[in-house]
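Since we're looking at a predicted model, the values are computed, not measured.
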Amino acid sequence: MAGTALVLGGGGVTGAAWEIGMLAGLAAQGTDLSTADLIVGTSAGAVVGAQITSGTTLKDLYEQHLMPPPSGPLPGIGLAVSAKWAGAAASSRDQLKVRARLGRMALKARTISERERLAMIADRLPSAEWPSRRLLITVVDADTGEFATLDSTSGVALVEAVAASTAAPCVWPVIHAAGRRWIDGGVHSPVNADLAVGCDPVIVIAPIPRAGFWGPGLAGEVAALRDRGAQVVAIAPDREEGRFMGGNSLNPALRAPAARAGYAQASRGVDEVGGVWSAC
């Protein structure tokens, strides 16, 4: 199989912070996953993927997540948005139709402007340039529900790609790029680990391992990779660490506790991850 892979799942601001804490904690103990040949990022994982391939050290990224967040409006996924998602999921057994319905809802939703959202994402990325290593960012076409990936060859700027992958329907604006309208890659799956097919080993870091309202869950995606002969280690928040991520995954005030939780959990997973990674 060709190369190593790191898969970074979605999970909002707290999920991204937990992933950075996990990666920094593993690196501090001798296992640096940011060197993977392929990095797959979905939603929050797209932000983290762009950050860790920017040339900024994991230590510096972790320390940045411990700093007080900037002040500003507090976004959230309230009951109304959750109800819309649930209604879309219940509308059809055809996942393509479900994603297209979510796209239509996103196109009608009142959110901040696309320009404002792009500026927010640009502030979070140390570099606006695609990395030299392969970074795949997942998105969904808001008009058709089609799942897609963006990379350095897609003609889409990195900031636009990350903003598109994090465009949770009815929370953030739809992103226009390459003549199409995009929403969150997590609408297809919160992890999308199957994109690492052909790689070995594969390390999956998933703040949200369950399937949610739609799409496959982590267990099925990992099983498919293992069926193809890959060594796969999947890490999700422990119950103890998960409680630090709070009820609002978009609350920047919870970023530091989530990062510390990920860093602490890394010490319990380093033997398994390091054993697989060092053997490649």
Side-chain angles (χ1 to χ4, degrees), residues 3-69 123-127 131-135 162 191 193 196 199-209 218 222 231-246 249 252-280:
T4 58
L6 170 64
V7 179
L8 300 164
V13 171
T14 56
W18 177 79
E19 288 178 322
I20 287 291
M22 173 66 66
L23 291 168
L26 290 170
Q29 298 173 77
T31 301
D32 184 357
L33 300 182
S34 70
T35 62
D37 298 305
L38 168 66
I39 295 177
V40 177
T42 292
S43 200
V47 177
V48 175
Q51 289 174 335
I52 67 174
T53 56
S54 68
T56 306
T57 67
L58 289 170
K59 181 177 182 292
D60 286 345
L61 289 170
Y62 175 64
E63 291 177 350
Q64 290 169 17
H65 279 74
L66 301 182
M67 297 173 63
D123 284 343
R124 296 179 187 176
L125 303 186
S127 172
S132 56
R133 276 179 297 122
R134 193 172 185 214
L135 172 63
V162 173
V191 186
C199 295
D200 185 34
V202 179
I203 309 298
V204 183
I205 301 182
I208 303 176
L218 175 62
V222 168
Q231 299 177 86
V232 184
V233 177
I235 305 173
D238 289 346
R239 179 173 297 181
E240 181 67 17
E241 268 61 46
R243 68 186 179 90
F244 289 102
M245 297 171 70
S249 65
L254 300 174
R255 184 177 66 178
R260 291 191 184 97
Y263 196 96
Q265 188 176 338
S267 64
R268 298 191 294 279
V270 68
D271 289 342
E272 183 181 15
V273 175
V276 170
W277 203 252
S278 62
C280 62

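Taking the side chain to side chain donor-acceptor pair (under 3.5 Å) definition, one finds that S43 meets it with D184, sequence neighbours left out. With sequence neighbours excluded, no residue forms a side chain to side chain donor-acceptor pair (under 3.5 Å) with T31. Partners of T56 under the side chain to side chain donor-acceptor pair (under 3.5 Å) rule, at least two apart in sequence or in another chain, are S54. Take A206 and apply the side-chain contact (heavy atoms from CB on, under 4.5 Å) test, not counting sequence neighbours, and it matches V191, V204, L218. Residues passing the salt bridge (charged side-chain N to carboxylate O under 4.0 Å, His left out) test with E272, sequence neighbours excluded: none. With sequence neighbours excluded, the residues that form a side-chain contact (heavy atoms from CB on, under 4.5 Å) with A256 are L66, R260. Taking the side-chain contact (heavy atoms from CB on, under 4.5 Å) definition, one finds that A44 meets it with A16, sequence neighbours left out.
Residue pairs meeting the salt bridge (Lys or Arg N to Asp or Glu O under 4.0 Å) criterion with at least one partner in residues 41-69, sequence neighbours excluded, are K59-E63. Residues in residues 254-280 take part in these ring pair (Phe, Tyr, Trp, His ring centres under 6.0 Å) pairs, two or more places apart or across chains: Y62-Y263.
One N or O on the side chain of E19 and one on the backbone of G9 form a donor-acceptor pair closer than 3.5 Å. Looking only at distances, a side-chain donor or acceptor of D200 sits under 3.5 Å from a matching main-chain atom of Q231. Not one N or O on the side chain of T4 forms a donor-acceptor pair closer than 3.5 Å with the backbone of P201. Under the 3.5 Å distance criterion, the side-chain polar atoms of R133 are left unmatched by any main-chain donor or acceptor of I39.
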Stepwise side chain to side chain contact (heavy atoms under 4.5 Å, CB included) check, I205 with L33: CA-CA 10 Å; I205 301 182; L33 300 182; 4.1 Å; yes

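Between the CG atom of L254 and the CH2 atom of W18 there is a distance of 16.0 Å, given to the nearest 0.5 Å.
V162 and A46 get closest at one heavy-atom pair: CG2-O, 3.9 Å. Between C199 and L38, the closest heavy-atom pair is SG-CD2, 3.9 Å. Closest heavy-atom contact between G11 and S249: O-CB, 3.6 Å. Residues I235 and Q265 share a closest heavy-atom pair of CG2-NE2, 3.8 Å. Closest non-hydrogen pair, Q51 versus H65, comes out as OE1-CE1, 4.0 Å. Nearest approach of A234 to V222, heavy atoms of both residues: CB-CG2, 4.0 Å.
L61 has its side chain out of reach of L23: every pair of non-hydrogen atoms, C-beta onward, lies at least 4.5 Å apart. Counting heavy atoms from C-beta on, the side chains of L58 and I52 come closer than 4.5 Å.
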